Amino acid sequence: MYYLSIQGNQKLKGSVSISGAKNAALPLLAATLLSKNKINITNVPEVADVKTLLTLLGNLGSISSYENNNVTIDTTKVKSACANYDIVRTMRASILTLGPLLARFGHCEVSMPGGCAIGQRPIDLHLKALEQMGAKIELKDGYVLATAPQGLKGTTIIFDKVTVTGSENIIMAASLAHGVTKLVNVAKEPEVVQLCEVLQNAGVKIEGVGTANLTIIGSYGKLLDMKNFKVIPDRIEAGTYLCAGAITNSQITITDVIPEHIEAITLKLIQMGFGIETTKETITIIPTEKILPADIETTEYPGFPTDMQAQFMALCTQASGTSIIDERLFENRFMHVSELSRMGTNIKLKGHSATVEGNTELNAADVMATDLRASSALILAAFVAKGTTKVHRIYHLDRGYENLEGKFSLLGAKIERLEE
Ligand code: EPZ
């Protein structure tokens, strides 16, 4: 086990390149189960979740290589349609194999993902939609047993709630379905858009890409002619580095990004007093005289992303007043609060709302990561704390941030990975 040792009172400078998006790579890798040919995928982030999904796809019979951010994968020999608990429990996004496996084989067994630190994370909307497409779903011994021997049928599906992986699962299932599927209240995240674009390039007719309403003409069970593609940049990694510049009030530049994917984040930084300069693929944050408090409410894309809530909470502890943060998507996404309070923050929780006092002197402490994004918030706080902070259980970080301490060291941070 490792921990990160981080020196406080840091200023950052320079520029850092943003990696491919974990939350785009995962559905796209699952979608290769729909392909009749081998594919090469570039800009794949070297993170634990991608390795986990490739292991799962390997257990199903796919053959893949993964080096220097390139993945070559061939799923034509996949025979098994059973995603085992031992892998699924380590990464809930494994549920993304459910739609493609069922669409391709007409049956599959996928372990229920279970909850995680940020909430119960149900998959009822995924299952309800597949039943509407004619699947028979049974929950047995912690597994989803799904069958659709005559294949899935196109139909109209209205999602009761916006669900990112739920939308992705059903978009993949509908791509091989018999007939036309209309989806209403679909997630509009850039990662969902890229999945649609890759499927369109593979020959699937999809209308309404980027909107909340999609019409998908299925291939009647025929596998797709998937083309090589490059994963889009990780907008949450990008936002995390901008927050690092903000909390240390430093000028830094992030490169290889798509600025319009993180407008909700840059707008919030501007509202907090920072300058933001963008070009086609870069964003520079300019320090401010005074960090202004913020009112934040997380919501679906293109609104303020829940995956940036913890990072902004750390930033708000340095604002010149009180900030209010409403977490609207997950019921338990304040796990970082107790760890931040060990560093001297003053944050009050009431239901899904957090009141964050500003002008807080932070002190270094031993803190523990609880989930992927919470752990990045602890690192941001450590940059401005007095003394040297140790962040433990950083396997949470390694799930979604590529070469994190290497990139922060490039920006001048004194951060190192040490053995417990
Ligand atoms: C995706 O999770 C992301 N993961 C999460 O990122 C992200 O926080 C989340 O979307 C919201 O943006 C991936 O893309 C792999 P949801 P997902 O289904 O799809 C409820 C990270 O840090 N819901 O959009 O699981 C659910 O409980 C991770 O990279 C149901 O009730 O989230 C939540 O309250 C963390 N029933 C809300 O919808 C369902 O069947 C949104 O969840 C499905 C979801």
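Small disclaimer: the values here were computed from a predicted structure and weren't measured. The first residue in the sequence is number 1, and the count goes up from there. Just so you know, ligand 1 is whichever comes first in the structure, and atom 1 is the first atom listed for that ligand.
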Please evaluate residues Asp371 and Met335 with respect to the criterion side-chain contact (heavy atoms from CB on, under 4.5 Å), reporting the C-alpha separation (whole Å), side-chain torsions for both, the decisive distance (0.1 Å), and the verdict. CA-CA 8 Å; Asp371 64 87; Met335 304 284 282; 4.2 Å; yes
Taking 4.0 angstrom as the limit and counting only heavy atoms of Arg333, give me the atoms of ligand 1 inside it, by number and element. 8 (O), 22 (O), 35 (C)
Contact check: Arg373 vs ligand 1, nitrogen or oxygen atoms, below 3.5 angstrom: yes
Under 4.0 angstrom from ligand 1, any heavy atom of His396? no
At a non-hydrogen distance cut-off of under 4.0 Å, which region of Thr165 contacts ligand 1 (side chain, backbone, both, or neither)? both
Short N or O distance, Glu168 and ligand 1, threshold 3.5 Å exclusive: no
Ligand 1 and Phe330, any nitrogen or oxygen pair closer than 3.5 angstrom? no
Please test Gln132 against Thr155 for side chain to side chain donor-acceptor pair (under 3.5 Å), starting from the C-alpha separation and ending with a verdict. CA-CA 7 Å; Gln132 286 176 258; Thr155 183; 5.5 Å; no
Over 60° means perpendicular and under 30° means parallel, so classify the ring planes of His107 and Phe105, tilted if in between. tilted
Under 4.0 Å between heavy atoms, the region of Arg92 that gets near ligand 1 turns out to be side chain
Counting each atom of ligand 1 from 1 as listed, which ones have a heavy atom of Lys161 under 4.0 Å away? 20 (C), 31 (O), 34 (O)
Thr298 side chain to Glu327 side chain, donor-acceptor N/O pair below 3.5 angstrom: yes
Asn228/Ile41 under side-chain contact (heavy atoms from CB on, under 4.5 Å): CA gap, chis, key distance, verdict: CA-CA 6 Å; Asn228 297 343; Ile41 309 170; over 6 Å; no
Is ligand 1 under 4.0 Å from a heavy atom in the side chain of Thr306, in the backbone, in both, or in neither? side chain
Answer with side chain, backbone, both or neither: which part of Asp307 has a heavy atom less than 4.0 angstrom from an atom of ligand 1? side chain
Counting from 1 in the order shown, the ligand 1 atoms closer than 4.0 Å to a non-hydrogen atom of His126 are 40 (O)
When Arg393, Lys390, His392 are each screened for side chain to side chain donor-acceptor pair (under 3.5 Å) with Glu420, the one that passes is His392
With a 4.0 Å heavy-atom cut-off (strictly under), which part of Lys128 contacts ligand 1: side chain, backbone, both or neither? neither
Taking the side chain as every heavy atom from C-beta outward, state whether Ile296 and Met313 have any pair of such atoms under 4.5 Å apart. no
Glu331 N/O under 3.5 Å from ligand 1 N/O: no
Lys22 neighbourhood, listing ligand 1 atoms whose heavy-atom distance to it stays under 4.0 Å: 21 (C), 29 (O)
Looking at ligand 1, does any of its N/O atoms fall within less than 3.5 Å of an N/O of Leu125? yes
Could you work out, for atom 38 (O) of ligand 1, the closest of Val47, Val162, Asp371 by heavy-atom distance? Val162
Check the angle between the aromatic planes of Phe408 and Tyr241 and answer parallel, tilted or perpendicular using the 30° and 60° thresholds. tilted
Looking at ligand 1, does any of its N/O atoms fall within less than 3.5 Å of an N/O of Leu329? yes
With atoms numbered from 1 as shown, which atoms in ligand 1 lie under 4.0 angstrom from a non-hydrogen atom of Leu372? 22 (O), 29 (O)
Within 45° of the axis and under 6.0 Å from the centre of the six-membered ring of Tyr401, does NZ or CZ of Arg373 qualify? yes
With a 4.5 Å cut-off on side-chain heavy atoms, are Leu176 and Leu224 touching? yes
Taking all non-hydrogen atoms of both residues, which atom of Lys407 and which atom of Glu402 are closest, and how far apart? CE-O, 3.6 Å
May I ask you to list the atoms of ligand 1 that are less than 4.0 angstrom from any heavy atom of Ile123? 39 (C), 40 (O)
Thr75 side chain to Thr32 main-chain N or O, any donor-acceptor pair under 3.5 Å? yes
Could you pull out, from Pro122, Ser376, Ala374, the option with a heavy atom nearest to atom 44 (C) of ligand 1? Pro122
